Structure formats: structure tokens, C-alpha cells
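Just so it is clear, the structure is predicted and the values come from calculations on it, not from any experiment.
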Amino acid sequence: MNNGKVGIILLLLVMVAGGGGIRRAKGFVGIYWGRFSTQSLVPSMVVDLLLQNGLTDIRLSAPSVNVMEALQGSSLGVTVALQNDFIRRMKWNNIKTINDWVAELLVVPIRRGVNITTLVVLEDAYSSTGKRQPIWNATDIFRETVNCLKNNGLSHLRTTSSHTIDILKVVGKPSEADFIDDVKPKMKEFLTLLHQTNNSFYLYNLYPLVAAEVNSWPVEFAFMDNNSSFAIVDGSYTYRNAFEFMYDALVVAMEKVGFSDVEIEIGEIGWPTDGMKHATVENAERFHRGFLRHIKQKKGTPRRPNQNIDVFIGTLTDENKYPPLMGAYYRHKGIYNFDGAPKYKIDFTGQGRDIYPSTAKGMHIYLFEKFM
């Protein structure tokens with residue numbers, strides 16, 4: 001075998017091992033594991049659990065060392081976040097600090113075989129939910145982080161920032177959509193940077209039940225299999241569910257600031273089982289059955305039809321460390337109970353099978369922190 005063939009084989013082996021940040025074909029279904037709870041499933045068990053359930057990707061709230069160790073050599077694509085609290089504890093323009101974070105929490109695990117594909121630079125930076133304050137210099141932080149990735153040989157990683165529906169105005173039709181006034185100039189600046197940055201996209205967190213409540217829609221509109229006659233007609237487009245409405249509302253808002261072709265990925269979507277009206281186990285099961293079938297069939301939305309949409313289902317477990325000011329439902333978004341048993345039936349493949357997902361075994365219990 002000549003040296004050229006040997007080199008190609010070695011390169012492929014490195015990529016398969018996970019160190020190359022391999023990007024799968026679009027249209028994946030992954031899961032978001034926030035780990036903001038007093039009880040947390042053992043990371044090695046979670047990796048096995050996801051693979052058993054046919055999931056291909058995991059999104060983490062932070063690249064914790066023990067979780068990264070469990071992911072070494074796994075085929076799972078990994079999305080991690082540079083968290084808001086880390087940025088708030090430092091001066092935003094301290095490039096060395098961000099560079100140290102990248103070198104320690106991204107470079108090291110990638111070299112050890114963790115298939116990190118994506119970095120979320122700040123989560124919901126412009127949101128003011130609860131006591132959170134917007135991070136108005138998020139674009140500057142994003143730009144400097146991208147530079148740090150380049151300096152560390154990680155330009156192949158995809159980069160994004162997550163945003164929720166509260167950055168959009170409440171409107172009657174998607175064609176009327178726009179970013180709220182104080183966010184709009186910042187979002188235009190951010191989208192300009194996304195457009196200029198290779199491997200970047202927009203990460204959108206969306207809970208249809210919450211959207212229905214905010215917009216005063218009937219609860220049936222929150223389900224993909226809307227059993228009511230309620231629909232919203234918008235010119236040549238007809239909307240029969242909240243997901244397609246809110247997705248296309250974002251598309252229109254982007255168009256209004258000059259960006260019609262930015263890729264959108266769903267960073268978190270699901271249905272809480274407590275904490276608000278209609279948040280029940282039965283409704284969560286029904287929502288996921290219809291939504292995952294929609295994604296599997298690559299239906300897209302009225303304004304972006306017949307498209308694959310990358311999706312992270314949220315969340316793996318309930319997260320009881322969220323402060324009540326964030327909304328009671330924040331603590332009850334999990335698919336699994338703290339003991340590792342699934343709350344309801346869900347077929348992550350989108351085939352609509354009447355099955356429970358695999359049960360997780362093993363958990364850590366942490367000291368409870370009281371929120372006022």
C-alpha cells in the first residue's frame with residue numbers, strides 16, 4: 001500500500017473516532033440534556049440510553065468534564081455551550097479567557113475522541129425571562145469566540161447562539177412577524193455576522209404549548225394533529241399548528257432585516273408535563289408522536305416546504321433547580337423521571353410506534369439549592 005492510501009485511511013480513522021467534528025446528514029433528531037437538577041443520570045448510562053433509542057446527537061448546557069469522558073469514542077454528535085454565566089464573570093473582551101476555555105473544554109475532549117460538532121455561544125442572550133438581563137454585546141462575544149476557535153484549529157466546528165420566541169412580537173399572522181423593537185438592531189447585527197461566518201446557523205428554542213398561551217390560541221393549535229377547525233390563513237399559506245406558525249414567523253422576521261436564507265435549527269422543543277394548564281403526560285405523548293412524524297417525513301413548513309429540520313427534543317430529564325421566576329413549567333420539561341424511567345411513550349425515530357423509550361439506570365444526587 002502506498003503512502004497516499006495509508007494517509008487517507010489514517011484520516012478516516014481519526015474522523016470516525018470523533019475528533020473531526022463530523023456533521024451528519026441534515027434532519028437529525030437529538031436530545032437536549034440541561035442537567036440543571038439536584039438529581040442527574042450517570043453520564044455513561046445516558047450515552048448508552050441515547051444510542052439504544054436511535055438518537056444521533058446530544059446538546060449539553062455545558063461541556064462538563066465527566067460528561068465529556070463518557071462521550072469519548074461515542075458516535076454521538078455533541079453540541080456544547082459557552083454559557084452566559086461564564087461571560088458575565090469576565091470582561092467580554094478578555095480574549096485570553098475565552099481562548100483558555102476553548103483550549104481546555106473543547107480542544108482537549110476532541111483530541112480524546114469526543115465528536116463535538118457545534119458550539120453554542122451564549123444561550124438566549126437577548127431574553128429577559130425571570131431575573132435574567134440581556135447580553136447586548138453578544139455579537140462581539142460571538143465574533144471573538146469564532147476567532148478563538150480558529151486560533152485553536154477548530155474552524156470546522158459549527159457555531160450559533162440560541163434564542164427563544166420572546167424575541168419576536170406577538171402577531172396575528174406570520175407575514176406580520178418582526179423582532180421586538182429593542183432586539184431588532186442587535187439581531188440584524190447578529191444575523192450579519194452569522195451570514196459572514198462559515199458553518200454558522202440560527203438556533204431556535206420553541207415550546208408550542210407556551211406559544212399557544214402567549215398568543216391566546218386554543219390548545220389544539222399547539223398539537224401537530226390539530227383536531228379542531230382552528231387555522232390561521234396568511235395569504236397563500238394556511239397554518240394549522242403552532243410549530244409551523246412560529247417557525248415561519250422567525251423566517252419572516254429574518255427576511256425583514258435582510259436575511260432570507262439563514263439556516264434554522266431547533267435547539268429545544270417539547271411539551272412540559274406540569275407547571276401550566278394542559279401540561280400533562282398524555283398531551284406530551286400526543287405532541288411528540290405528531291411532531292416527530294412531521295420531522296421524519298421532512299415536511300418542513302409552509303414558507304420552507306419539503307425541508308429537513310435538525311431538532312433537539314427537550315429535555316432529557318426534569319430540571320428542578322430552575323428558579324420559579326422562570327416559569328413553573330421549566331422544571332417539568334423532561335421526558336424521563338429522576339429515577340431514569342420514561343414518563344410516557346415516545347418513538348424518537350418518528351415512525352409512530354407505540355413504545356416506551358429505554359429506561360436509564362443509575363443517578364447522582366446533589367445537595368438541593370433553594371431558590372427564593
Going by the rule salt bridge (charged side-chain N to carboxylate O under 4.0 Å, His left out), which residues pair with [X] if we only count those two or more places apart in sequence or in a different chain?
| X | value |
| --- | --- |
| E244 | none |
| E319 | none |
| R143 | D140 |
| R303 | D234 |

Using the rule that Ile, Leu, Val, Met, Phe, Trp and Tyr join whenever any side-chain heavy atoms are under 4.5 Å apart, tell me whether F259 and I167 fall into a single cluster.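 They do share one cluster, since a chain of ILVMFWY contacts under 4.5 Å joins F259 to I167.
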Is the ring centre of F348 less than 6.0 Å from the ring centre of H288? no
Measuring centre to centre across the rings, with the benzene-like ring taken for any Trp, is F312 within less than 6.0 Å of Y32?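 That pair fails the under 6.0 Å test.
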Can you pull out every ring-ring contact (aromatic ring centres under 6.0 Å, His included) where at least one residue sits in residues 105-129? Sequence neighbours excluded, please.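 Listed by first then second residue: Y126-W136, Y126-H163.
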Listing request: all ring-ring contact (aromatic ring centres under 6.0 Å, His included) pairs with a residue in residues 289-309, at least two apart in sequence or in separate chains.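 Residue pairs passing ring-ring contact (aromatic ring centres under 6.0 Å, His included), neighbours aside: F243-F291, F287-F291.
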Determine which pairs satisfy side chain to side chain donor-acceptor pair (under 3.5 Å) with at least one residue from residues 188-202, sequence neighbours left out, and list them in order. T159-S200
Please list all pairs meeting side chain to side chain donor-acceptor pair (under 3.5 Å) that have one or both residues in residues 216-225, counting only residues at least two apart or in different chains.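 Those involving residues 216-225 are E220-R286, D225-R286.
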Taking S64 for its side chain and V67 for its backbone only, find out whether a donor-acceptor pair lies under 3.5 Å.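 Not confirmed, S64 side chain does not pair with V67 backbone.
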Within a 6.0 Å radius of atom NZ on K150, are there more than 12 heavy atoms belonging to other residues, nucleotides or ligands? no
Kindly check if the number of other-residue, nucleotide or ligand heavy atoms within 6.0 Å of CD (E104) is above 12? no
Name the residue from I295, L55, I266, I335 that meets the side chain to side chain contact (heavy atoms under 4.5 Å, CB included) definition with I313. I335
Listing request: all salt bridge (Lys or Arg N to Asp or Glu O under 4.0 Å) pairs with a residue in residues 342-356, at least two apart in sequence or in separate chains. D318-K343, K345-D354, D347-R353
Scan residues 167-178 for pairs that pass salt bridge (Lys or Arg N to Asp or Glu O under 4.0 Å), counting only residues two or more places apart or in two chains. K169-D181, D178-K184
Residues forming a side chain to side chain donor-acceptor pair (under 3.5 Å) with T317, sequence neighbours excluded: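 With sequence neighbours excluded, T317 shows a side chain to side chain donor-acceptor pair (under 3.5 Å) to no residue whatsoever.
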Got a sec, which residues hit side chain to side chain donor-acceptor pair (under 3.5 Å) with Y207, two or more places apart in sequence or on another chain?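 Expected list: E268.
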Of all heavy-atom pairs between N241 and F223, which one has the smallest distance, and what is that distance?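 For N241 and F223, the tightest heavy-atom pair comes out as CB-O, 3.5 Å.
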Working for salt bridge (charged side-chain N to carboxylate O under 4.0 Å, His left out), residues E69 and R112: CA-CA 8 Å; E69 289 176 349; R112 292 175 177 173; 5.3 Å; no
Taking the six-membered ring of F190 as reference, does the NZ or CZ atom of K186 fall below 6.0 Å from its centre and within a 45° cone about the axis? no
